[in-house]
Structure formats: C-alpha cells, structure tokens
Amino acid sequence: MKNILTLTLIVLSLVACNNSKKSKKTEQSPDLQQHVQKDKPVNLNIDHKAYKMKGMLIAKNTFRIFKGKIESVGSKKGLPAVVDFCHDNAMKLADSLGKTHNVIIKRTSHKLRNPKNKPDADEQAVIDNYLVKQEKQERMEPVIMTDGEGYVHFYAPIKLKDKCLQCHGQPGKDIHEEVYKVIRAKYPNDKATGFKTGELRGIWDIKFLDKK
Ligand code: HEC
C-alpha cells in the first residue's frame, strides 16, 4: 500500500504545479498579432524562430526544475503538501528562474486557481484564440508577439493531461477529498476544476526583457 502511494505521488509530482509543452512545429499567428496589436506599432524585424526555440527551452527547463522540487516534497509529505508547496512557491520559483534567463515566466488561464495568475489583455486574446481553435478542433501553435512596449512574448498552450485530473478534474471523482480540502483552503475562489484530458488548461507567457 505504501509503495503504491509513493509511486502515485511520484507520478503526480511530475506534473503537479507546472507543466511543459512538448512543441513541434511552430507557426506565428498573423490574425492574432493583428488582433492584439490593433493600434500599436508592430516590430517586424524580430527573429520569430529564435524566440520560439528559446521560449520552448525555458518552459521545459522551468518544468524540469519544478518537477525536481515537487518530487521531493511529494514523496516525503504527500499530495496535499504538494498543493501547499505550490501555493507558497510556484510564483517565487518562476520569478527566480525567469531572472536567470532575463525573462518573466507566467502561467495564466481562463479558469484560474490562483487569482494572482490573472491574464492581461494580450494573454486573454491568446487564450480566446486558442479556445476558438479548441472548439474547431484545430491545432494550437505557440505564438510570438510584441507587446505595446516593444517586448517580445512567447505564448504556448498548456493542455490537460490525465495526471493533472487529480488536482484539476472533478472534485469527488478525480480529485481526492483530502487534496480538495487543501485546495479549497488555499484557493477559496478556485475555478480550475472540472477539466477533461486534452482540454486547454491555460497558457505560458514568457516575456523577453532584452528589447530588440
Ligand atoms: C498536486 C495538485 C496539482 C496537480 C497534479 C496539477 N496542478 Fe496545476 N495547479 C495546482 C495549484 C495548487 C496551482 C496554483 C499555483 C499557484 O498558486 O500559483 C496550480 C496552477 C496551475 C496553473 C496556473 C493557472 C492558475 O489556475 O492559477 C496551470 C496552467 C496549471 N496548474 C496546469 C496544470 C497542468 C497542465 C497539470 C498537469 C500536467 C497540473 N496543473 C497538475 C495544483 C496542481
């Protein structure tokens, strides 16, 4: 029993409060760029491909580091403690990882757990665009866009996997009561449940601080 529990924890830990996007081909989305940039100057000289590669690497690296931290918490203290850990450390960890790459790493969503992860206007437009694609069952590709201040952003979808259900699925069915208790206590306004595997859970927004 204990072994099974430990194993479950390790599997869960792999994903707990972070997520990586294994991206394949990347395409920019001109309609979205237009939508977001309406009245803003668009920098046409940026190297989209280089930014996409860099963005993807940073997202992966962030996930890898989270994974290590969460694994050790999960195997020592259990899944509810992982929720606790995420509550206290997810943002701090993303901040410090961002500093090493000179970027700001953010995850946001249309259905938030932590209200501090609230989307800004550009992120909301990216999410809306992905939701339309989801509806039409089209591919959601990573996007590079310049914001109103001239900073380049990498956006990519975060999709729900089976293992995420244990904290983002249906309470009582996918989410264990004990885990849900901690979630409710830490996040009284939690909207991030009821997801199904494969659905859009949110997005990465990686902002490059070195202006071109
Ligand atoms: C152990 C429970 C747990 C598991 C498993 C889990 N999450 Fe979360 N997730 C959380 C918590 C807690 C937060 C809030 C973190 C914070 O305070 O910033 C969160 C936040 C997020 C956010 C940020 C947006 C928001 O709502 O605040 C995304 C995106 C996300 N999770 C995606 C995933 C994905 C994708 C998976 C599976 C690969 C997953 N999560 C698995 C607990 C979990």
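Worth saying up front: this structure is predicted, and the values here are computed from it rather than measured. We use all heavy atoms of the structure for the numbers below, so side chains are in, but hydrogens, waters and symmetry mates are not. Atoms within each ligand, like the ligands themselves, are counted from 1 in listed order.
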Novice: Under 3.5 Å, is there a donor-acceptor pair between the side chain of E199 and the main chain of K159?
Specialist: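 It does not hold such a pair.
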
Novice: Report, in ascending order of atom number, the atoms of ligand 1 lying under 4.0 Å from any heavy atom of V82.
Specialist: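 Per the distance check, 1 (C).
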
Novice: Under 3.5 Å, side chain of D174 to main-chain N/O of Q170, donor-acceptor pair present?
Specialist: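 The answer is yes, because a donor-acceptor pair under 3.5 Å joins these two groups.
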
Novice: Using only atom types and a distance under 3.5 Å, with no angle test, would you say the side chain of D147 pairs donor to acceptor with the backbone of Y151?
Specialist: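 Pair found, side chain donor or acceptor close to backbone of Y151.
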
Novice: Should one rank F63, Y187, W204 by closest heavy-atom distance to atom 17 (O) of ligand 1, which comes out on top?
Specialist: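 The nearest heavy atom belongs to Y187.
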
Novice: Looking only at heavy atoms, which two atoms of K133 and R139 are closest? And how far apart?
Specialist: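 For K133 versus R139, the nearest heavy atoms are CD-O, 3.0 Å.
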
Novice: Provide the number and element of each atom of ligand 1 under 4.0 Å from a heavy atom of L112.
Specialist: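 In order of numbering, the contacting atoms are 25 (C), 26 (O).
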
Novice: Taking the non-hydrogen atoms of K116, is any one of them nearer than 4.0 angstrom to ligand 1?
Specialist: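 Contact absent.
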
Novice: Contact between K186 and ligand 1, counting heavy atoms under 4.0 Å?
Specialist: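 For ligand 1, residue contact (heavy atoms, under 4.0 Å) with K186 is absent.
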
Novice: When you check the side-chain N and O atoms of D162 and T197, is any donor under 3.5 Å from an acceptor?
Specialist: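 The criterion, which ignores hydrogens and geometry beyond distance, is satisfied for T197 and D162.
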
Novice: Counting heavy atoms only, name the option from A192, G169, C167 that's nearest to atom 5 (C) of ligand 1.
Specialist: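 Looking at heavy atoms only, C167 sits closest to atom 5 (C) of ligand 1.
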
Novice: With heavy atoms of K111 as the reference, note each atom of ligand 1 found under 4.0 Å away.
Specialist: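 Once the distances to K111 are compared, the set is 26 (O).
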
Novice: If you measure every N or O of Q166 against every N or O of ligand 1, does any of those distances drop under 3.5 Å?
Specialist: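 It does not: no N or O of Q166 is found under 3.5 Å from an N or O of ligand 1.
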
Novice: Using modelled atom types only, decide if a donor and an acceptor are shared between the side chain of R107 and the backbone of W204 within a distance under 3.5 Å.
Specialist: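 Looks like no, no N/O pair under 3.5 Å.
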
Novice: Counting each atom of ligand 1 from 1 as listed, which ones have a heavy atom of N117 under 4.0 Å away?
Specialist: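 So the answer, numbered in order with elements, is 18 (O), 23 (C), 24 (C), 25 (C), 27 (O).
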
Novice: Answer yes or no: does an N/O atom from K161 fall short of 3.5 Å to an N/O atom of ligand 1?
Specialist: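 There is no such contact.
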
Novice: Would you say H168 has any N or O atom under 3.5 Å from an N or O of ligand 1, going by distance alone?
Specialist: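 Yes, there is a polar N/O contact under 3.5 Å.
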
Novice: At their closest point, which heavy atom of R201 faces which heavy atom of S109, and how far apart are they?
Specialist: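 Result for this residue pair: O-OG, 2.6 Å.
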
Novice: As an exercise, identify every atom of ligand 1 less than 4.0 angstrom from a heavy atom of L79.
Specialist: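 Answer, ordered by atom number: 1 (C).
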
Novice: When you check the gap from the basic side-chain N to the acidic O, do E123 and K118 get nearer than 4.0 Å?
Specialist: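 No salt bridge links E123 with K118.
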
Novice: Test of understanding: given a 4.0 Å heavy-atom threshold, classify the contact between K159 and ligand 1 as side chain, backbone, both, or neither.
Specialist: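 Backbone only.
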
Novice: For F195, is there any backbone N or O sitting under 3.5 Å from a side-chain donor or acceptor partner on H168?
Specialist: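 Not at all, since once roles are kept as given, no pair shorter than 3.5 Å links the two residues.
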
Novice: Ignoring hydrogens and geometry, is there a side-chain-to-backbone donor-acceptor pair from D47 to A50 under 3.5 Å?
Specialist: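 Present.
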
Novice: Under 4.0 Å from any heavy atom of I158, which atoms of ligand 1 are there?
Specialist: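 Near I158, the atoms of ligand 1 are 29 (C), 35 (C).
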
Novice: Less than 3.5 Å between some nitrogen or oxygen of S109 and one of ligand 1, yes or no?
Specialist: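 The answer is no, given that S109 and ligand 1 share no N or O pair closer than 3.5 Å.
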
Novice: How long is the gap from CD1 on I127 to CE on M140, to the nearest 0.5 Å?
Specialist: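 Here the interatomic distance stands at 11.5 Å.
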
Novice: Is it the case that ligand 1 has an N or O less than 3.5 angstrom from some N or O of K163?
Specialist: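 Between K163 and ligand 1 (N or O atoms, distance only) the closest approach is not under 3.5 Å.
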
Novice: For atom 37 (C) of ligand 1, which candidate among G202, C164, G74 holds the nearest heavy atom?
Specialist: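 Result: the heavy atom closest to atom 37 (C) of ligand 1 is in C164.
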
